[in-house]
Novice: 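So that we are looking at the same thing, I have put the structure below in structure tokens.
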Amino acid sequence: GPAKRAKRFRYFTYLWRLTYLSAIGGAAYLAYGVWDLRHPDDQFEPDPNKKNLVILGTGWGAVSLLKKLDTENYNVIVISPRNYFLFTPLLPSCTTGTVEHRSIMEPIRSITRHKQAAVKFYEAEATKIDPERKTVLIDDNSDVKGASNKTEVSYDMLVVSVGAENATFGIPGVKEHSCFLKEIGDAQQIRKKIMDCVETATFKDQSPEEVERLLHMVVVGGGPTGVEFAGELQDFFDQDIKKWVPEISDKFKVTLIEALPNVLPMFSKQLIDYTESTFKEEKITIKTKTAVKKVTDKTVEAEATGPDGKKTTEVMPYGLLVWATGNAVRPVVKDLMSQIPAQKDSRRGLAVNEYLVVQGTKDIWATGDCAVAGYAPTAQVASQEGAFLARLFNTMAKSEAIENQIHELSSSLNLKPGDSASVSKEIEAHEKQLRRIKDIKPFHYTHQGSLAYIGSERAVADVSWLNGNFATGGGLTYLFWRSAYLSMCFSTRNRVLVVLDWLKSKAFGRDVSRE
Ligand code: FAD
Ligand code: NAI
């Protein structure tokens, strides 16, 4: 009847208003984010008598520390050869242009400029840490060098957050001939090389064997980096390259080589199977139980173990080789470890205690891939460690201030004997506050789950939720993957840029020009 219709109409009006209001709210939030980014407040210089807190690196560990740190308590100095933060989870998407590289970079200057008290940044590599003299040797290794390009920085407190380098296990030819996938430059090099291989394969009079070699894309390492890259690459081919260069459509081939019996060892069995069957559909060849032993400019030599345990050597010609076999310790970290007897037995990085203090030192902390705290080398771990250190340092500064107050009050106790009762009370209150503040719990990692993109708009996720775990794979997971990454992207600017890139590559396809 009409009453029902009126009710329905009212209901729709409410819904419409709600949508309308949330759209306005969203737009206002976005506009404020943009405005705030462009208009940082004036900063003040911290008191020069405060302690020097030196942070090495501008990656996940260092930046999450910096974001949560009250910089007025210390003289903060950040040192890194890279003047930006890199959102690594979307780096595989940059190799094919699904996302443009600048969209996942966040200038460190914007991060430091938004702090309340000024922070110094030096674009340089730390080459040596001297724990005795409490100094760091730094070296400007960029193209433009000034008269001052190598110097020393003193610290009272040091945070080592330099990450890791690419493992090659000393396998001959890897460094010379393969591309890695860790930095922006790596992704750009891969993007360029994919199209170079395609154009060279279609060059006049290219022999069939040479065409086959040039279009064979080999990925070594079945960890998440290798898997995500292989997925992105196959997408690029299926959705774009094939369309513009149809004559190679049956010749482009992606092979993923893994030494262990399966890919993605950190995911659950069900998701490993899902990934392997998706790769089969996508026509990506997975070669497990196959360890690469040697690389030349045109071939990969691997040792495959058959089901009967027999070993055979396989030589695979390739056009593009991407090497993703995990992490190795950086030289500056190795050198520091060699100076500390307590680090003698540590192999994979700086062994730290439950407060992330480097074992065998007093004023050095480490986070992320260069620290060994018993967790996987992931962004999730590094960012939680960085946030923990920020809380720790903020608290240390606070308790130091209270200690000073107590000290002052205690000395006034002798001067004004008449007030002693009230002063004692005050001291007691301060001591109580101090005890509460000083009771800092050790670092505790909360695993939120693992998430990986596997190509053809599918993702796999092992998520810890409400104390339970669930494993999911597929198209919905892919949407979840995208929104999860968007919410993790650092600034409003990055979020907007990444969404625009996704829309752009969806509407126009990825760009196949070789830059
Ligand atoms: P990094 O982020 O690597 O930062 C190290 C910093 O130190 C850099 O700024 C570097 O320039 C600087 N530096 C290097 N040498 C020196 C020196 N000598 N002196 C001073 N500074 C130096 N993890 C996840 O949890 N989820 C993901 O989806 C995910 N995806 C990834 C995808 C790819 C392609 C890769 C390569 C990694 C991915 N990871 C992911 C892992 C994650 O990126 C790392 O675990 C994380 O970056 C570690 O943080 P970090 O701060 O220790 O090191
Ligand atoms: P990884 O260490 O996870 O995997 C490397 C793989 O290479 C291993 O499975 C190893 O068996 C294999 N390998 C080593 N030598 C080999 C050889 N000679 N021949 C063939 N295979 C060989 O490395 P990856 O993928 O770079 O990841 C590094 C870290 O970053 C991990 O902790 C990972 O969890 C994290 N990460 C997380 C992502 C995500 O959550 N989506 C994405 C990328 C990285």
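What you see is a predicted model, and the numbers here were worked out from it, not measured in a lab. Atoms within a ligand are numbered from 1 in the order they appear, just like the ligands themselves.
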Novice: For atom 3 (O) of ligand 1, find the nearest protein heavy atom and state the residue, atom name and distance (0.1 Å precision).
Specialist: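 Of every protein heavy atom, Gly163 CA, 4.1 Å lies nearest to atom 3 (O) of ligand 1.
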
Novice: Nearest protein heavy atom to atom 2 (O) of ligand 2, by residue and atom, and its distance?
Specialist: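 Protein heavy atom at minimum distance: Gly326 CA, 3.6 Å.
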
Novice: Below 4.0 Å, non-hydrogen atoms only: which portion of Tyr485 touches ligand 1? Side chain, backbone, both or neither.
Specialist: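 Side chain only.
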
Novice: Is it true that the side chains of Asp501 and Ser103 contain a donor and an acceptor less than 3.5 Å apart?
Specialist: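 The answer is yes; a qualifying pair exists.
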
Novice: In the protein, what heavy atom is nearest to atom 21 (N) of ligand 2, and what distance, to one decimal place, separates them?
Specialist: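 Here the nearest protein heavy atom works out to Ala259 N, 3.1 Å.
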
Novice: For Ile171, counting its heavy atoms only, list the atoms of ligand 2 lying under 4.0 Å from any of them.
Specialist: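 Per the distance check, 18 (N).
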
Novice: Could you tell me the residue and atom name of the protein heavy atom closest to atom 51 (O) of ligand 1, and the distance to it rounded to 0.1 Å?
Specialist: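 That would be Gly61 N, 2.8 Å.
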
Novice: Of all the non-hydrogen atoms in the protein, which one sits nearest to atom 4 (O) of ligand 2, and at what distance?
Specialist: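 Ranked first by proximity to atom 4 (O) of ligand 2 is Gly223 CA, 3.5 Å.
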
Novice: I'd like to know if Glu212 pairs up with Lys253 as an ion pair, taking the criterion as any Lys NZ or Arg NE/NH1/NH2 lying under 4.0 Å from an Asp or Glu carboxylate oxygen.
Specialist: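 Answer for the salt bridge query: no.
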
Novice: Quick one: pull up OG in Ser110 and CG in Leu37 and give me the separation to the nearest 0.5 Å.
Specialist: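 So the gap between those two atoms works out to 5.5 Å.
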
Novice: Which one of Asp462, Leu451, Leu264 has a non-hydrogen atom at the shortest distance from atom 40 (O) of ligand 2?
Specialist: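 Of the listed residues, Leu451 has the closest heavy atom.
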
Novice: Identify, by atom number and element, the atoms of ligand 2 in contact range of Thr378, meaning under 4.0 Å from any of its heavy atoms.
Specialist: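 Ligand 2 atoms under the 4.0 Å threshold to Thr378: 32 (O), 34 (O).
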
Novice: To the nearest 0.5 Å, tell me how far Thr255 OG1 sits from His216 NE2.
Specialist: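 If we round to the nearest 0.5 Å, Thr255:OG1 and His216:NE2 are 2.5 Å apart.
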
Novice: For Ala291, counting its heavy atoms only, list the atoms of ligand 2 lying under 4.0 Å from any of them.
Specialist: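 Checking each atom against Ala291, I get 19 (N).
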
Novice: Counting non-hydrogen protein atoms only, what is the nearest one to atom 17 (C) of ligand 2? Give residue, atom name and distance.
Specialist: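 Residue, atom and distance for the closest contact: Val292 N, 3.7 Å.
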
Novice: For Ser450, is the nearest heavy atom under 4.0 Å from an atom of ligand 2?
Specialist: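 Heavy atoms of Ser450 never come under 4.0 Å of ligand 2.
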
Novice: Which atoms of ligand 1 sit under 4.0 Å from any heavy atom of Gly57?
Specialist: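 Every atom of ligand 1 under 4.0 Å from some heavy atom of Gly57: 6 (C), 7 (O), 12 (C), 21 (N).
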
Novice: Of Ala376, Ala302, Pro377, which has the heavy atom at the shortest distance from atom 29 (C) of ligand 2?
Specialist: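 Comparing heavy atoms across Ala376, Ala302, Pro377, the nearest one to atom 29 (C) of ligand 2 lies in Pro377.
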
Novice: Please confirm whether Met266 comes within less than 3.5 Å of ligand 2 when only nitrogen or oxygen atoms on both sides are compared.
Specialist: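 Not met; the criterion fails.
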
Novice: Which heavy atom of Lys115 sits nearest to which heavy atom of Leu66, and what is that distance?
Specialist: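 That would be NZ-O, 2.7 Å.
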
Novice: Compute the minimum heavy-atom distance from Thr290 to ligand 2 and say whether it is under 4.0 Å.
Specialist: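 Yes, that is the case, since the closest heavy atom of the residue is under 4.0 Å from the ligand.
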
Novice: Provide, to 0.1 Å, the distance between atom 42 (C) of ligand 1 and the closest protein heavy atom, together with that atom's residue and name.
Specialist: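 That would be Ala379 N, 3.5 Å.
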
Novice: So which protein heavy atom does atom 44 (C) of ligand 1 come closest to, and at what separation?
Specialist: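 Its nearest protein heavy-atom neighbour is Asp369 OD2, 3.4 Å.
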
Novice: Could you tell me whether the side chain of Glu228 and the main chain of Tyr453 form a donor-acceptor pair under 3.5 Å?
Specialist: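 It does hold such a pair.
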
Novice: Any chance you could measure Asp235, atom CG, to Ser505, atom OG, to the nearest 0.5 Å?
Specialist: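 Between Asp235 CG and Ser505 OG, I get 10.0 Å after rounding to 0.5 Å.
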
Novice: Under 3.5 Å between some N or O of ligand 1 and some N or O of Cys370?
Specialist: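 For ligand 1, there is no N or O atom that lies under 3.5 Å from one belonging to Cys370.
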
Novice: How long is the gap from SG on Cys179 to CG on Leu320, to the nearest 0.5 Å?
Specialist: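 So the SG of Cys179 and the CG of Leu320 are separated by 5.0 Å.
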
Novice: Would you call Lys506 and Glu457 a salt bridge, using N to O less than 4.0 angstrom?
Specialist: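 Salt bridge between Lys506 and Glu457, a charged N being under 4.0 Å from a carboxylate O: yes.
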
Novice: Nearest protein heavy-atom contact for atom 22 (C) of ligand 1: which residue, which atom, what distance?
Specialist: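 Result: Pro81 CD, 3.4 Å.
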
Novice: Aromatic ring centroids of Phe443 and Tyr375 under 6.0 Å?
Specialist: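 So the answer is yes for these two rings.
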
Novice: Can you find a side-chain donor-acceptor pair between Arg458 and Thr477 that sits under 3.5 Å?
Specialist: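 Absent: no donor and acceptor within the cut-off.
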
Novice: Any N or O of Thr225 that comes nearer than 3.5 Å to an N or O of ligand 1?
Specialist: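 Between Thr225 and ligand 1 (N or O atoms, distance only) the closest approach is not under 3.5 Å.
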
Novice: For atom 43 (O) of ligand 1, grab the closest protein heavy atom and report residue, atom and distance to one decimal in Å.
Specialist: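 Heavy-atom neighbour on the protein nearest atom 43 (O) of ligand 1: Thr88 OG1, 2.6 Å.
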
Novice: Of the side chain and backbone of Ile79, name the one, both, or neither that has a heavy atom under 4.0 Å from an atom of ligand 1.
Specialist: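 For Ile79, only backbone atoms sit under 4.0 Å from ligand 1.
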
Novice: Roughly how far, to the nearest 0.5 Å, is CZ of Phe236 from OG1 of Thr95?
Specialist: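 Separation between the atoms: 8.5 Å.
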
Novice: What residue and heavy atom of the protein are closest to atom 38 (C) of ligand 2, and at what distance?
Specialist: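 It is Pro224 CB, 3.4 Å.
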
Novice: Which residue and atom name correspond to the protein heavy atom nearest atom 10 (C) of ligand 1, and how close is it?
Specialist: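 I find the closest protein heavy atom is Ser80 OG, 4.0 Å.
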
Novice: What closest approach, in Å, do Ile171 and Val292 show between heavy atoms, and which atom pair accounts for it?
Specialist: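 For Ile171 versus Val292, the nearest heavy atoms are CD1-O, 3.4 Å.
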
Novice: Report the nearest protein non-hydrogen atom to atom 14 (C) of ligand 2: residue, atom name, distance rounded to 0.1 Å.
Specialist: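 Answer, as residue, atom name and distance: Thr325 CB, 3.5 Å.
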
Novice: Do the side chains of Lys128 and Glu152 get close enough for a salt bridge, i.e. N-O under 4.0 angstrom?
Specialist: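 Glu152 and Lys128: not salt-bridged.
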
Novice: Tell me yes or no: between the side chains of Thr367 and Trp365, is some donor less than 3.5 Å from an acceptor?
Specialist: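 Short answer, no.
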
Novice: Minimum heavy-atom separation for Asn141 and Pro81, please, with both atom names.
Specialist: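 Of all heavy-atom pairs spanning Asn141 and Pro81, the closest is OD1-CB, 4.3 Å.
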
Novice: Can you name the closest pair of heavy atoms from Ile241 and Phe252 and give their distance?
Specialist: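 Nearest pair, atom of Ile241 first, then Phe252: CD1-CE1, 4.4 Å.
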
Novice: For ligand 1, which atoms have a heavy atom of Leu181 less than 4.0 angstrom away?
Specialist: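 Close to Leu181: 34 (C), 36 (C).
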
Novice: For atom 18 (N) of ligand 1, what's the nearest protein heavy atom and its distance?
Specialist: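 Answer for atom 18 (N) of ligand 1: Ala126 O, 2.9 Å.
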
Novice: Please classify the Val332 to ligand 1 contact at 4.0 Å (heavy-atom distances, strictly less than): side chain, backbone, both or neither.
Specialist: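 The answer is the side chain of Val332.
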
Novice: Which atoms of ligand 1 have any heavy atom of Thr378 under 4.0 Å away?
Specialist: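 Those atoms are 23 (N), 24 (C), 25 (O), 44 (C), 45 (O).
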
Novice: So which protein heavy atom does atom 43 (C) of ligand 2 come closest to, and at what separation?
Specialist: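 Nearest protein contact, heavy atoms only, for atom 43 (C) of ligand 2 is Thr225 OG1, 3.3 Å.
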
Novice: Indicate yes or no: does an N/O atom of Glu228 lie under 3.5 Å from an N/O atom of ligand 1?
Specialist: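 There is no such contact.
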
Novice: For atom 11 (O) of ligand 2, tell me which residue out of Glu258, Glu228, Lys182 has the closest non-hydrogen atom.
Specialist: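 The residue whose heavy atom sits nearest atom 11 (O) of ligand 2 is Glu258.
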
Novice: Considering only heavy atoms, which of Glu165, Lys182, Arg330 lies nearest to atom 14 (C) of ligand 1?
Specialist: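 Going through Glu165, Lys182, Arg330 one by one, Arg330 has the nearest heavy atom to atom 14 (C) of ligand 1.
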
Novice: side-chain hydrogen bond (donor to acceptor under 3.5 Å, both in side chains) between Thr88 and Trp60: does it pass, once the steps are laid out?
Specialist: CA-CA 9 Å; Thr88 47; Trp60 279 97; 3.0 Å; yes

Novice: To the nearest 0.1 Å, how far is atom 7 (O) of ligand 2 from its closest protein heavy atom, and which atom is that?
Specialist: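 In this structure, atom 7 (O) of ligand 2 has Gly221 CA, 3.3 Å as its nearest protein heavy atom.
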
Novice: Any non-hydrogen atom of Phe169 lying under 4.0 Å from ligand 2?
Specialist: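 Yes; Phe169 lies near enough to ligand 2 that a heavy-atom distance drops under 4.0 Å.
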
Novice: Which ligand 2 atoms does Val220 reach within 4.0 Å, using its non-hydrogen atoms?
Specialist: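 The list of qualifying atoms is 19 (N), 20 (C).
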
Novice: To the closest 0.5 Å, what do you measure between CG (Asn83) and CD (Glu106)?
Specialist: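 Going from the CG atom of Asn83 to the CD atom of Glu106 covers 11.5 Å.
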
Novice: Is it the case that atom NZ in Lys294 sees more than 12 heavy atoms from other parts of the structure closer than 6.0 Å?
Specialist: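 Counting other residues, nucleotides and ligands, NZ of Lys294 stays at 12 neighbours or fewer.
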
Novice: Under 30°, 30 to 60°, or over 60°: which ring-plane class applies to His447 and Tyr445, parallel, tilted or perpendicular?
Specialist: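 Rings of His447 and Tyr445: tilted, 30 to 60°.
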
Novice: What are the atoms of ligand 1, with element, lying closer than 4.0 Å to any heavy atom of Gly368?
Specialist: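 Under 4.0 Å from Gly368, ligand 1 has these atoms: 52 (O).
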
